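No experiment lies behind these values; they were computed from the predicted model shown. Each chain gets a letter, A, B and so on, in the order the sequences are listed, and its residues count up from 1.
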2 protein chains.
Amino acid sequence: MKENRLVKETEDLACGARVIHEDIVELVARDMPEKTLLEGLASFFKVFGDPTRIAILMALSKEEMCVCDLCALLDMKQSAVSHQLKTLKQSRVVRSRRAGKVMYYSLDDDHIDSVLHIGIQHIREETTEHRLL
Amino acid sequence: MKENRLVKETEDLACGARVIHEDIVELVARDMPEKTLLEGLASFFKVFGDPTRIAILMALSKEEMCVCDLCALLDMKQSAVSHQLKTLKQSRVVRSRRAGKVMYYSLDDDHIDSVLHIGIQHIREETTEHRLL
DNA sequence: TTAACAAATGATCATTTGTTCATATGTATA
DNA sequence: TATACATATGAACAAATGATCATTTGTTAA
């Protein structure tokens, strides 16, 4: 039976599941990124997962802006904006520069803009597909 | 005073903040995406903000895989994997196809792979910069 | 139809997250 | 130095999230 070559009954896995395609699992396992990279990626993207932060990023993708201007633009408390900017900065998504009392924020590098635009493209194509189907 | 042209003292904003660069705020406000798009983007990216889901996506970026193989690869309970796959599918990040009892999952489109790779690039350059500074 | 199994789902619970309030820093200027 | 202002930060709390357990749904083959 050639099926036996592919199917391995392993009741003793921690997850309690059987492996159906042992070969593929091993192949994929071989070049899975390290846990550190997976976590790094997750916390990088997590930052994009909030509407307020996305709004901030879209704004900064147009212009460098200071905290209180962002407050006005988003109609949000200064504290809330500052907290979010801190999150964004810690993840190196945004950089800041001081000019007297004013702190100016801008996107850290071009990757940020790229990520945003791919997201927008993905969403637009989704809604387009709906029309086609 | 030319400063007065730029500075507008608006104590009556909901956010209680003053606008320092009124012109920039208005400029940026003009082509801010709609709230719907901002929320769409956020929930799209939110999906990338978890190590387990990133692991699943990295795996699927190599090979189409079924649920129990993912369980084995990630050493996770079938239920946990299924729940995450549901999340991924609802956000149209992943698609599924049934073959008998087995459900095969794969990335929804090329955007997903692009997003992942930009993330990886961003992280790599970060660590490179550290060495240079 | 029944047994076996792959996958999905609902409820639960500990943990994380985002906002708010109150307050603290840091900077410029009177 | 004292005051005003731009921003940052800590504590608190409601809301969202992810894993787990138990159970259900859907599919195949005996």
Side-chain angles (χ1 to χ4, degrees), chain A residues 1 3 6-11 13-21 38-39 42-43 45-56 65-72 74-91 94 96-105, chain B residues 1 3 6-11 13-21 38-39 42-43 45-56 65-72 74-91 94 96-105:
Chain A
M1 301 155 158
E3 260 227 273
L6 292 176
V7 180
K8 186 191 183 185
E9 307 282 335
T10 36
E11 199 68 75
L13 272 181
C15 58
R18 283 159 196 74
V19 183
I20 296 189
H21 310 89
L38 296 177
E39 285 166 355
S43 50
F45 286 123
K46 184 174 287 180
V47 143
F48 293 81
D50 175 81
T52 297
R53 286 192 296 262
I54 287 284
I56 292 176
M65 289 181 83
C66 72
V67 179
C68 66
D69 286 348
L70 284 169
C71 292
L74 307 175
D75 192 29
M76 286 185 60
K77 298 279 170 68
Q78 176 267 319
S79 171
V81 173
S82 259
H83 278 301
Q84 296 296 22
L85 286 169
K86 189 184 186 182
T87 301
L88 289 166
K89 201 179 172 187
Q90 279 176 338
S91 306
V94 137
S96 64
R97 118 186 125 79
R98 161 157 252 139
K101 287 183 283 191
V102 183
M103 288 290 278
Y104 290 94
Y105 284 85
Chain B
M1 303 157 157
E3 261 226 272
L6 292 175
V7 179
K8 187 190 184 186
E9 307 283 334
T10 36
E11 199 68 74
L13 272 181
C15 57
R18 282 160 196 75
V19 182
I20 296 189
H21 311 88
L38 295 177
E39 285 166 355
S43 49
F45 286 123
K46 185 173 288 181
V47 144
F48 293 80
D50 175 82
T52 296
R53 286 191 297 263
I54 286 285
I56 292 176
M65 290 181 84
C66 72
V67 179
C68 65
D69 286 348
L70 284 169
C71 292
L74 308 174
D75 193 28
M76 287 184 61
K77 300 277 169 68
Q78 176 266 319
S79 172
V81 173
S82 260
H83 278 300
Q84 297 295 23
L85 286 169
K86 188 185 187 182
T87 300
L88 289 165
K89 201 179 172 187
Q90 278 176 339
S91 306
V94 137
S96 63
R97 119 187 124 77
R98 163 158 250 139
K101 288 183 281 192
V102 183
M103 289 290 277
Y104 290 94
Y105 284 85

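- Of all heavy-atom pairs spanning Cys71(A) and Gln78(A), the tightest one is SG-CA, 3.3 Å.
- In terms of heavy-atom proximity, Lys46(A) sits nearest to Arg53(A) at O-NH2, 3.3 Å.
- The nearest whole Å value for the distance from the CD atom in Gln90(B) to the C1' atom in dG18(D) is 14 Å.
- The base of dA6(C) lies outside donor-acceptor range of the side chain of Gln78(B), with no N or O pair under 3.5 Å.
- Pairing each heavy atom of Ala99(A) with each of Tyr104(A), the nearest pair is CB-CE1, 3.7 Å.
- Taking atom CD on Gln84(B) and atom C1' on dA16(D), their separation rounds to 14 Å, with Å as the unit.
- Leu85(A) has its CG atom 11 Å from the C1' atom of dA8(D), to the nearest Å.
- Atom pair Leu70(B):CG and dA19(D):C1' shows a separation of 16 Å (rounding to whole Å applied).
- Counting non-hydrogen atoms under 4.0 angstrom, Lys46(A) reaches the backbone sugars and phosphates but no base.
- You'll find that the side chain of Ser82(B) is closest to dA7(C), out of dA7(C), dG26(D), dT20(C).
- Both thresholds, 5.5 Å between centres and 30° between ring planes, are met by His83(B) relative to the base of dT9(C), so the two rings are stacked.
- Looking at the side chain of Met76(A), the nearest of the listed nucleotides dA6(C), dT19(C), dT7(D) is dT19(C).
- Side chain of Lys101(B), nearest nucleotide from dT20(D), dG18(D), dG26(D): dG26(D).
- Below the 3.5 angstrom threshold, one finds a donor paired with an acceptor across the side chain of Ser79(A) and the base of dT9(D).
- Using a 4.0 Å heavy-atom distance criterion, Thr87(B) is classed as making no nucleic acid contact.
- Under the 4.5 Å side-chain criterion, counting only non-hydrogen atoms from C-beta, Thr87(A) is in contact with Gln84(A).
- For the pair Leu88(B) CG and dT9(C) C1', the computed distance is 16 Å after rounding to whole Å.
- Here the side chain of Lys77(A) is nearest to one of dC21(C), dA8(C), dT19(C), namely dC21(C).
- Residue-to-nucleotide proximity on DNA chain C shows that, of Thr52(A) and Asp69(B), the 5′-proximal contact is made by Asp69(B).
- For the pair Lys86(B) and dT9(C), the criterion of a side-chain N or O lying under 4.0 Å from OP1 or OP2 is met.
- Rounded to an integer number of Å, the gap from His21(B) NE2 to dA6(D) P is 11 Å.
- Contact annotation: Arg98(A) side-chain N/O to dA6(D) OP1/OP2 distance is not under 4.0 Å.
- Ala42(A) and Pro51(B) get closest at one heavy-atom pair: CB-N, 3.4 Å.
- Summarising the geometry, the separation between NZ on Lys89(A) and P on dT9(D) is reported as 9 Å, rounded to the nearest angstrom.
- The CZ-P distance, from Arg97(B) to dA6(C), rounds to 16 Å in whole Å.
- Using a 4.5 Å heavy-atom threshold, the side chains of Ser43(B) and Val47(B) count as separate.
- Backbone-only engagement by Tyr105(A) is indicated by non-hydrogen atom pairs under 4.0 Å involving sugar-phosphate atoms exclusively.
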